[in-house]
Undergrad: 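Below are the structure tokens for one structure; questions will follow.
Naming: A, B, ... by sequence-line order, numbering from 1 per chain. Hydrogens, waters and symmetry mates are skipped; everything else that's a heavy atom, side chains included, is used.
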Amino acid sequence: MDLNLKATELSLALPGTDDLPEIKTTTTTTSNQIKTNKRSSPDIDASVTDESRSAPTPKAQVVGWPPVRSYRKNILQGKKVEPEMGSGMFVKVSMDGAPYLRKIDLKVYKSYGELMKSLEEMFACMIGLYSENDGYKGSKHAATYEDKDGDWMLVGDVPWEMFVTSCKRLRIMKGCDARGLDL
Amino acid sequence: MVYSLPEEVLEHVFSFITSDKDRNAVSLVCKSWYEIERWCRRKVFVGNCYAVSPGIMIRRFPELRAVELKGKPHFADFNLVPDGWGGYACSWIDEMSRAYPWLEEIRLKRMVVSDESLELISTAFKNFKVLVLSSCEGFSTDGLSAIASNCRNLKELDLRESEVMDLSGRWLSHFPDTFTSLESLNISCLGSEVSFSALERLVARSPNLKTLRLNRAVPLGKLSTLLHQAPQLVELGTGAYSSGIRSDVYTGLSKAFLGCKELKGLSGFWDADPSYLPALYSVCSRLTTLNLSYSTIRSPDITKVIGQCPNLQRLWVLDHIEDSGLNALALSCKNLQELRVFPSDLYAADVNVTLTEQGLVSVSQGCPKLQSVLYFCHQMSNSALITIAKNRPNLTCFRLCIIEPRTPDYLTHEPLDIGFGAIVKHCKNLNRLSLSGLLTDRVFEYIGTHAKKLEMLSIAFAGDSDLGLHHVLSGCESLKKLEIRDCPFGDTALLANVAKLATMRSLWMSSCAVSIGACKILSQKMPMLNVEVIDENGSLDSRLDSCLVEKLYVYRTVAGPRSDMPGYIWTMDRESANRI
């Protein structure tokens with residue numbers, strides 16, 4: 001096909017401009033990052049925001065680039081801002097019969113034992129961890145929590161880490177009421 | 001002997017011709033065919049709502065049942081089109097409400113729709129059946145209430161990717177108890193929670209429901225209830241796909257999926273918890289479409305699912321799939337036709353995600369039916385592109401986005417011209433192409449020479465001079481839509497190809513090198529084009545002709561200049577009007 005380059009040659013040069021194409025050399029850093037292929041734990045991954053990332057190329061964020069729609073960007077950003085990675089994990093604690101509620105930071109504790117001890121001290125009562133055989137070890141109260149789905153669960157069933165991420169609030173029930181939770 | 005066939009016979013024959021192109025061809029045969037055809041045309045597609053006016057459409061086609069309109073330019077998806085630009089559906093809906101009492105279907109894309117318009121739709125069209133609002137905005141859940149309350153025969157309500165002012169979830173409860181005709185519902189873009197019991201009852205009384213796309217707010221624990229009410233579903237979009245550790249939810253879900261024998265497509269999966277994925281294994285063997293692109297599950301989990309889906313035709317996924325997942329895809333899914341890989345990190349490469357050009361090469365090798373690709377990645381090479389091109393000459397859509405602009409071949413540090421050149425050379429039926437990476441004018445020479453079936457081309461941060469643009473405009477015979485940003489293309493190429501622009505639907509150029517003077521000349525030479533300059537910084541009238549424009553949108557039209565332009569759009573007419 002005749003591209004008619006000759007005819008276009010003369011007329012296509014922009015008048016008075018002889019700009020050489022600006023060829024940027026590769027940002028070698030990006031290829032290096034890909035080759036490392038290191039796997040860090042998801043926790044660390046989630047806490048690194050774009051701003052704190054030590055990417056050597058401080059590129060200004062170009063409008064509309066990369067061409068990803070806003071609702072997709074929101075999904076990705078939503079993932080990076082995990083509330084558990086914040087500075088504390090305060091949940092309300094209520095006790096049946098108590099006139100007011102308390103708030104505790106779950107991140108301070110490393111196990112159920114520590115949590116229970118703290119709750120006991122806070123409410124000056126005996127709360128036992130429920131076990132299949134012993135019931136509530138004679139205590140009159142049971143610790144329950146509301147999980148992400150809005151269901152009320154018995155404290156102690158799931159691994160501690162899972163509990164911390166799914167617990168929204170705590171309620172210390174009278175032992176006789178708590179028995180209904182045993183499914 | 002055609003002229004001796006009675007009208008009714010011709011009309012009957014035409015009723016079997018449904019493609020728009022064929023219908024248009026029929027209408028060109030002779031005057032009487034034109035007349036017969038226009039009276040029996042039932043659906044129309046208007047690719048640019050400003051290319052024609054509602055009045056013109058109504059005059060020509062008095063008996064339409066289905067209308068599809070598109071408004072804003074494609075780059076509006078990436079926030080390049082300022083607010084208030086236009087694309088208002090109002091005047092169309094108003095006029096159609098008077099002209100087409102029997103209108104059944106309205107499909108709008110990238111348009112601004114008001115609650116009043118939705119209310120009008122719900123009351124003016126007695127047999128209204130299908131409403132699809134794709135990437136639209138301007139309406140609230142109040143408008144949806146009207147649709148729910150009044151459209152007795154509604155079959156399809158699809159809000160895909162629209163921006164809805166979400167006032168509450170109550171609108172869904174407005175579907176009356178007598179309403180049983182629903183076949184397709186897509187509310188995935190809505191934020192607020194709809195009443196679950198209303199949703200459940202709606203699903204239970206809709207025996208023809210085939211497509212159900214829920215929003216994120218529908219909890220996983222409730223999904224099995226819905227599935228039990230609608231085991232005939234063909235397409236399902238889940239809500240949030242996690243629920244803590246709940247063995248009862250898992251079992252319920254497994255059982256429910258087991259009952260869905262017709263299920264072919266899955267989407268949703270927000271916040272997906274990989275431990276719930278096995279619940280859907282029972283449907284995997286029948287799956288043809290899988291959209292995991294809202295979930296951030298990792299490669300091993302994705303691979304496990306994909307391995308169960310030998311009939312997969314379409315896969316949308318995040319780059320968490322990595323090369324390893326794509327290798328698995330290439331081995332398991334021999335029927336794959338479309339692959340879209342979206343980025344999980346928009347700027348720098350995520351060190352934990354190993355997705356490179358190799359993944360795409362594998363898929364191009366292993367999947368003989370692969371036709372459509374959208375691929376975001378951080379590195380590419382000419383050799384990979386050449387391999388892909390040779391493997392898959394049947395590609396029809398190739399959109400590659402190397403995230404860092406102007407990235408060269410990572411192996412040779414050369415531009416990616418010959419790679420993309422191979423794509424257009426080998427893939428003779430390519431109708432859509434998006435370029436990225438470091439590219440010189442040479443790639444456009446290849447495109448102009450080889451891409452004869454190309455209809456849509458997207459260019460960003462590429463080229464050296466006007467020669468690039470000239471190659472495209474003069475060479476690509478089938479070109480309909482051209483969108484360009486941040487390229488050194490300017491007046492000379494534009495003015496050397498003015499006639500070409502009248503054969504295209506539209507041209508978008510932003511942050512290029514086009515001057516106001518050239519826009520004026522273009523307007524003068526081509527009265528059948530609307531030449532709209534977007535300038536948000538101030539009045540262009542006072543500036544010199546040599547001043548460069550920010551954004552330019554040119555499209556052919558038979559409707560003349562539009563009357564709803566915001567203040568920041570400059571046209572030749574406005575300039576002349578101001579001068580008077």
Side-chain angles (χ1 to χ4, degrees), chain A residues 1 3-5 8-9 11-15 17 19-40 42 45 50 53 55 57 59 61-73 75-76 78-79 147-151 153 157-159 162 165-166, chain B residues 75 77-80 135 161 189 219 221 243-246 270 293-294 296 342-352 354 356 376 378-379 401 403-408 410 413 415 434 438 440 445 448-449 458 460 463-467 470-471 474-475 485-486 488 490-493 496 513:
Chain A
M1 171 178 175
L3 283 174
N4 213 3
L5 280 173
T8 56
E9 237 172 39
S11 55
L12 282 190
L14 288 170
T17 56
D19 291 337
L20 289 170
E22 187 190 16
I23 296 176
K24 284 212 175 113
T25 49
T26 179
T27 48
T28 50
T29 48
T30 44
S31 18
N32 286 344
Q33 283 169 344
I34 291 158
K35 281 170 185 144
T36 50
N37 197 21
K38 284 205 184 107
R39 280 197 178 277
S40 55
D45 189 30
D50 285 337
R53 198 178 282 277
T57 37
K59 289 282 170 191
Q61 286 169 19
V62 182
V63 173
W65 192 265
V68 175
R69 299 193 53 190
S70 335
Y71 72 86
R72 286 199 179 276
K73 289 186 186 175
I75 292 166
L76 303 173
K79 253 298 157 179
D147 72 0
K148 273 183 184 157
D149 297 321
D151 296 320
M153 317 288 288
D157 283 342
V158 300
M162 194 178 294
T165 57
S166 57
Chain B
F75 273 177
D77 284 355
F78 315 125
N79 303 326
L80 286 176
S135 307
E161 293 148 30
C189 62
S243 194
I245 301 287
R246 293 280 302 267
W270 285 282
S293 64
Y294 303 143
T296 52
F342 296 94
S344 58
D345 194 313
L346 300 174
Y347 307 107
D350 187 338
V351 292
N352 294 315
T354 321
T356 69
F376 282 82
H378 294 273
Q379 69 184 45
C401 180
I403 292 181
E404 179 67 30
R406 304 196 185 91
T407 304
Y410 78 100
H413 303 296
S434 296
L438 182 65
T440 72
E445 192 184 332
T449 308
S458 307
D464 310 315
S465 74
D466 273 56
L467 196 49
H470 177 71
H471 282 310
S474 58
R485 63 163 297 173
D486 294 274
D491 300 350
T492 326

Undergrad: Which distance, rounded to the nearest 0.5 Å, do you find between the CZ of B/Arg246 and the CG of A/Asp147?
TA: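 Reported to 0.5 Å precision, the distance equals 6.5 Å.
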Undergrad: Between B/Ser293, B/Pro219, B/Ser458, B/Ser434, which residue shows the highest count of heavy-atom pairs closer than 4.5 Å to chain A?
TA: B/Ser293
Undergrad: So for A/Asp157, is it side chain, backbone, both, or neither that comes closer than 4.5 Å to the heavy atoms of chain B?
TA: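 Neither part, no heavy atoms under 4.5 Å.
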Undergrad: For residues A/Arg69 and B/Ser135, determine if any side-chain heavy atom of one lies less than 4.5 Å from a side-chain heavy atom of the other.
TA: yes
Undergrad: Rounded at 0.5 Å granularity, tell me how far CZ in B/Phe342 sits from CZ in A/Arg72.
TA: 3.5 Å
Undergrad: Could you go through B/Cys401 and A/Trp65, starting from their C-alpha distance and side-chain angles, then the distance that decides it, and tell me whether this counts as side chain to side chain contact (heavy atoms under 4.5 Å, CB included)?
TA: CA-CA 10 Å; B/Cys401 180; A/Trp65 192 265; 3.8 Å; yes
Undergrad: Heavy-atom distances under 4.5 Å only: say whether A/Val158 touches chain B with side chain, backbone, both or neither.
TA: neither
Undergrad: Quick one: does B/Arg485's side chain have a donor or acceptor within less than 3.5 Å of a partner on A/Gly64's backbone?
TA: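 Yes, because the side chain of B/Arg485 sits within donor-acceptor range (under 3.5 Å) of the backbone of A/Gly64.
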Undergrad: If you round to the nearest 0.5 Å, how far is NZ of A/Lys73 from CG of B/Leu346?
TA: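 With rounding to 0.5 Å, CG (B/Leu346) is 6.0 Å from NZ (A/Lys73).
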Undergrad: Do A/Pro67 and B/Phe376 touch side chain to side chain, with heavy atoms closer than 4.5 Å?
TA: yes
